[in-house]
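Report on one structure; see the data block that follows.
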Amino acid sequence: MAIEICTTCAPILQRRAIQYFSDILLSVSNANGTEELEELKKAHELIIKVNAVVPDLLLNVLPLVQEEMKLDQANVRQMATETMGKLFAHPDTNVSEKYPSIWKTWLGRRDDKLAQLRIKWLEMCVDVYKNHVDLATDIIDCIKLKLADPDEKVRSISCKVIGEIALSSDLKQLDKSILESVEERTKDKKVKNKRKMRVRLKLNLLKSERCESSSYEDNWILMMALEDTLFTYIFPYNEDDQQRTERLITVLETLEQRQKLAFTAILGNNEPSDHERIKNDEFIKYLAAHFADKPRTLNAMRTFLNQKSSKDMKLLKSSIRVDSNYKQIHKAKDKLLANINEDQAGSVEIFQAIFNRACPTLLNKNTIPHLLKMSKLPKGRRNSAANQKSVTAREILKEMSISYPVMYEGCMKDVIQGIMNDNDSASAEEELEILAEISKSHPGQKTYDRNVINRLRSYVIEGNVSQADSASVVLGNMKNADIILVDLVDSLCDDLSLKHPNLLATLTSLSQFALYEPKLLTPVIDLVLNFIEKTLLTTPTKTFTDSNPEWVVYESLPALSKQKVVGVRLLVNYLEACKDEMEAEEHVVTKTFSILWELLERTCDNAFSDNINSAETSHLRLNASQCIVTLTEYNKYMNELTVPKFERLSYTLQDTCYYVRAEFAEFLMKGLQTGKIHSRYYSLLFICAHEPEAALLKQIRSFIQKRLSLLDVKQDESTVLDSSLVRLIHLLAHHPDFTVSVEDLEIFAQYIKFFISCVANADNVSFLYHIVQKIKLSKDMVSDELSHNSYVLSDMTSLLIKHKCNEASWPLNAYTGQLSLQSRLYRSLPSGTVQNETIKKSYLPQAFVEKLEEEDRKLGDKRARSATTFENKRARV
């Protein structure tokens with residue numbers, strides 16, 4: 001009731017409020033006694049409370065507090081500054097907007113002559129920033145000045161405040177310069193060491209999260225800064241293995257999930273782990289591209305390799321061996337750096353950065369025993385801090401087993417003992433996963449005693465899916481697995497029934513045996529294939545929610561859907577394992593590919609009409625697309641990917657389900673980046689030109705531009721640039737939606753425009769134009785009658801390239817090099833009359849050409865107006 005009265009009568013009560021507070025503030029402000037200051041404190045507390053409920057009552061009161069911030073008495077000045085700081089930070093009121101003069105006075109307290117008040121002001125900035133992002137610019141500008149404050153405590157608190165602000169906000173809102181300023185300030189020797197380390201690590205981890213929005217070159221600069229911070233401040237040299245391990249766990253515990261992912265990426269970042277690759281010049285180029293100063297890094301490494309002695313090469317190999325111990329690694333690295341300092345003094349900094357990335361010092365074989373101990377949950381303390389440490393230790397152990405399984409060689413007994421004890425199924429499951437990763441690195445070499453094999457077999461038969469999966473990997477990679485496990489595989493195949501309660505685990509185990517020991521599956525592959533093709537995949541999945549969504553995560557799929565996904569993977573694994581040493585029977589290959597292509601036709605629309613699980617069809621389409629790409633990279637199965645089928649794959653990137661499109665695009669980009677799939681798949685990415693999700697389209701565009709920026713144009717133009725454009729035009733010419741109507745041509749023009757925006761530049765535009773002209777002098781090898789579509793697209797592309805050249809002021813010169821098109825797509829027309837007629841004829845509808853020219857003219861007029869406006873402004877200035 002009091003609040004309602006005050007709100008309703010605020011204009012009348014304002015006079016009463018100013019009278020009450022002025023009497024107290026003015027009478028007490030000049031006093032220094034304890035009693036008077038207590039009264040003043042009560043008045044300020046009341047102001048804060050009133051502001052939260054009836055701020056209008058303080059219209060004439062807050063200017064009095066503003067005057068207090070200017071008084072000579074330090075205690076009064078600080079109290080007023082703190083009060084206004086709390087008012088400005090209140091999340092439900094925007095005092096700074098209503099009282100800009102007071103806001104300006106409060107900001108001025110950053111330069112107060114009292115260091116303690118400057119520190120208090122800085123600490124209050126955090127809440128003001130969090131609750132009022134509109135004030136971010138003022139806050140950051142002021143804090144940035146405090147990074148150079150004459151008082152070391154103020155400088156230290158400035159670093160801390162920026163760190164807290166960065167951790168609580170969207171990093172895109174932070175000026176890049178403030179992060180750089182803080183990083184520079186943390187090099188200040190007077191800034192407290194622990195705070196310095198914590199702020200530098202977190203800021204660098206935070207900056208590493210910004211890589212998606214940074215330029216490609218900046219990413220490596222950020223990574224190098226992060227690595228330098230880690231090894232200089234966070235993990236300096238320490239011979240005590242246990243202390244080093246505990247420090248690693250402690251640091252990881254302080255990080256949020258995204259920061260932890262960035263840190264984990266560094267843990268597994270041992271670039272030149274293959275010693276033989278060090279001598280490979282192409283690998284040297286690849287490695288240099290991952291550092292900030294690429295040319296200098298490349299020259300330094302080449303000089304080292306040309307001048308190296310056998311001793312230096314031995315030291316290099318010792319420093320990067322993942323099976324070396326901590327002391328050996330550091331000793332070899334330090335000795336090598338000393339030698340480099342004598343011969344290549346200017347390159348020491350470069351090699352230090354290389355060793356930060358290449359030498360396994362954060363994680364090494366000495367770390368494993370201590371991590372294993374820490375990973376055990378202490379009895380009776382499962383909810384204690386020790387529990388979190390054990391979780392973190394297990395996460396690191398798992399990461400190490402994937403990245404550096406060889407490090408576990410000295411601890412195999414401990415890992416196996418954990419499995420055999422099996423007192424804690426969660427712990428045993430983790431150790432099963434570790435043993436599985438180790439087994440993959442030594443296929444056909446490991447041997448186990450009868451008790452261990454029996455325990456692993458029990459996991460396969462009776463364990464959950466995860467346990468069966470890991471145990472099968474271990475068994476499938478052991479020595480003489482094809483002899484020892486025959487009866488186990490026969491038993492699993494006898495259980496292939498939809499009624500079997502553990503069918504998913506059974507299929508999972510068979511899938512791993514198919515991949516790692518296919519000889520076990522060969523005698524029963526027809527039985528397995530028949531069950532998957534005629535029973536499993538033909539059984540409709542009626543389980544779904546009322547909305548029947550197009551996608552749910554794999555873990556949320558019903559059991560039958562998961563069984564179908566794993567069943568298909570089983571067949572693919574078998575073919576993948578048979579790619580070299582043994583021949584898969586032709587009917588198995590034919591039927592497996594037939595299944596994969598058929599799954600691409602199981603659409604969500606069909607699922608809706610048939611009243612079956614829609615998300616299942618999305619997972620099966622995605623998996624089928626990925627499996628087809630993977631298998632047809634092998635020579636044995638390459639003929640299964642005909643030109644029409646390759647183009648059929650492109651439709652996955654236009655799937656109705658966003659997650660299918662995004663996951664398949666991610667799969668292709670990763671494969672292209674690592675070189676695991678052919679460069680032909682660049683052309684498929686341009687089919688995403690009409691992608692409705694802006695973030696995905698931006699990601700694809702950025703990927704293409706970054707990848708092409710790394711290519712040596714002279715070396716790779718015939719394998720990437722021409723192939724992509726030629727394949728794209730051929731693909732569009734065969735697209736079922738293609739027609740020569742003006743409306744459809746406008747839609748298809750977007751694909752070409754997307755290609756040009758990603759690939760074309762002043763250096764290659766003449767080459768691209770020449771490619772397009774060559775298409776017009778050829779005929780379609782797949783479908784002669786569709787050659788006309790290619791000619792239409794050729795003319796369209798030529799016109800769009802010319803428009804781009806006009807827009808960007810690029811010269812379009814004649815290309816003098818030699819070029820032959822893809823023989824599987826196009827073949828040259830007979831020279832002479834036929835070619836002359838085709839090249840001279842325009843295949844584009846005149847209405848489309850006029851519409852395109854009109855758009856270009858409007859764009860030109862707009863640019864001209866913008867240029868005129870700019871010149872006029874400059875003239876006025």
Side-chain angles (χ1 to χ4, degrees), residues 537 550-551 565 568 572 592-610 614-633 640-672 677-693 696-697 699-701 703-704 723-739 744-745 747-752 754-755 758 780 782-783 786 789-790 793 822 824-825:
L537 292 176
E550 289 188 331
W551 184 266
V565 172
V568 173
V572 172
T592 300
F593 273 97
S594 176
I595 289 171
L596 294 175
W597 290 111
E598 188 272 331
L599 291 176
L600 292 185
E601 307 306 322
R602 296 192 181 187
T603 65
C604 292
D605 289 339
N606 291 339
F608 296 144
S609 61
D610 295 339
S614 177
E616 174 192 290
T617 67
S618 295
H619 277 274
L620 290 173
R621 286 195 307 279
L622 173 61
N623 279 277
S625 299
Q626 294 173 334
C627 291
I628 289 169
V629 173
T630 299
L631 287 176
T632 53
E633 285 299 307
E640 297 292 334
L641 189 66
T642 61
V643 172
K645 287 182 176 178
F646 173 79
E647 293 171 348
R648 169 63 187 85
L649 274 178
S650 69
Y651 304 158
T652 306
L653 292 169
Q654 295 182 327
D655 199 275
T656 58
C657 177
Y658 162 75
Y659 293 97
V660 173
R661 301 194 306 270
E663 290 290 331
F664 189 53
E666 193 80 43
F667 170 80
L668 293 179
M669 288 187 286
K670 184 176 180 180
L672 289 166
I677 65 175
H678 194 276
S679 61
R680 68 171 72 93
Y681 288 101
Y682 277 110
S683 61
L684 292 196
L685 293 177
F686 297 108
I687 293 301
C688 299
H690 290 282
E691 170 56 49
E693 292 292 334
L696 177 57
L697 183 62
Q699 180 187 0
I700 294 169
R701 182 195 300 274
F703 168 79
I704 295 171
S723 298
S724 294
L725 185 53
V726 171
R727 286 193 177 94
L728 176 62
I729 289 177
H730 193 274
L731 191 157
L732 295 176
H734 287 247
H735 198 287
D737 295 336
F738 182 85
T739 73
D744 284 344
L745 289 179
I747 293 173
F748 276 77
Q750 294 303 314
Y751 296 111
I752 305 300
F754 183 54
F755 176 91
C758 293
D780 194 315
V782 178
S783 176
L786 291 180
N789 291 358
S790 292
L793 289 163
Q822 294 290 314
R824 296 179 67 188
L825 303 180

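One distance of note links OG of S683 with NE2 of H678; it measures 10.5 Å at 0.5 Å rounding. Here NE2 of H734 is found 5.0 Å from CG of L786. Values are rounded to the nearest 0.5 Å. A distance of 5.5 Å separates CG of D737 from CZ of F748, quoted to the nearest 0.5 Å. Taking CG of L649 as the start and CG of L731 as the end, the distance is 10.0 Å to the nearest 0.5 Å. Rounded to the nearest 0.5 Å, atoms CZ (R727) and OH (Y681) are 9.5 Å apart. Atom OH of Y682 and atom CG of L685 lie 8.5 Å apart (nearest 0.5 Å).
Nearest approach of R824 to L641, heavy atoms of both residues: NH2-O, 3.3 Å. The minimum heavy-atom distance linking D655 with R661 is given by the pair O-NH1, 2.8 Å. Counting all heavy atoms, side chain and backbone alike, V660 lies closest to T652 at CG1-CG2, 3.7 Å. What you find for I729 and L793 is that their closest heavy atoms are O-CD1, 3.4 Å. Here the closest heavy-atom approach between residue L599 and residue A624 is recorded as CB-CB, 4.0 Å. Considering all non-hydrogen atoms of both residues, I700 and A665 come closest at CD1-CB, 4.1 Å.
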Apply side chain to side chain contact (heavy atoms under 4.5 Å, CB included) to the pair I687 and L732, showing each step before the final yes or no. CA-CA 9 Å; I687 293 301; L732 295 176; 4.0 Å; yes
After noting the C-alpha distance and the side-chain angles of L622 and Y659, does the key distance pass the side chain to side chain contact (heavy atoms under 4.5 Å, CB included) rule? CA-CA 9 Å; L622 173 61; Y659 293 97; over 6 Å; no
Can you check salt bridge (charged side-chain N to carboxylate O under 4.0 Å, His left out) on R648 and E601, steps first, answer last? CA-CA 10 Å; R648 169 63 187 85; E601 307 306 322; 2.9 Å; yes
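A salt bridge between E598 and R602 is present, with a side-chain N of the basic residue lying under 4.0 Å from a carboxylate O of the acidic one.
Between N606 and T603, the side chains place a donor N or O and an acceptor N or O closer than 3.5 Å (distance only, hydrogens not considered). Residues R621 and S625 have side chains that never bring a donor and an acceptor to within less than 3.5 angstrom of each other. Checked by atom type, the side-chain pair Q626/E663 shows no donor-acceptor distance below 3.5 Å. D780 and H730 are linked by a side-chain donor-acceptor pair at a separation below 3.5 angstrom, with hydrogens and angles left out of the test.
Counting heavy atoms from C-beta outward, L684 and L668 have side chains that approach closer than 4.5 Å. Side-chain contact between L596 and N623 is absent, with no heavy atoms from C-beta onward closer than 4.5 Å. Q699 is not listed as a side-chain neighbour of E691, based on a closest heavy-atom distance of 4.5 Å or more. Between V782 and P644, the closest side-chain pair of non-hydrogen atoms falls below 4.5 Å. Within the 4.5 Å cutoff, the side chain of W597 has heavy atoms near those of the I628 side chain.
The number of heavy-atom neighbours closer than 6.0 Å to OH of Y651, taken from other residues, nucleotides and ligands shown, is above 12.
Under the 6.0 Å cut-off for aromatic ring centres, F754 and Y751 do not qualify, their centroids lying 6.0 Å or more apart.
At least one donor-acceptor pair closer than 3.5 Å links the side chain of S618 to the backbone N or O of E550. Counting only distance, with no hydrogens or angles, the side chain of E640 and the backbone of T632 share no donor-acceptor pair below 3.5 Å.
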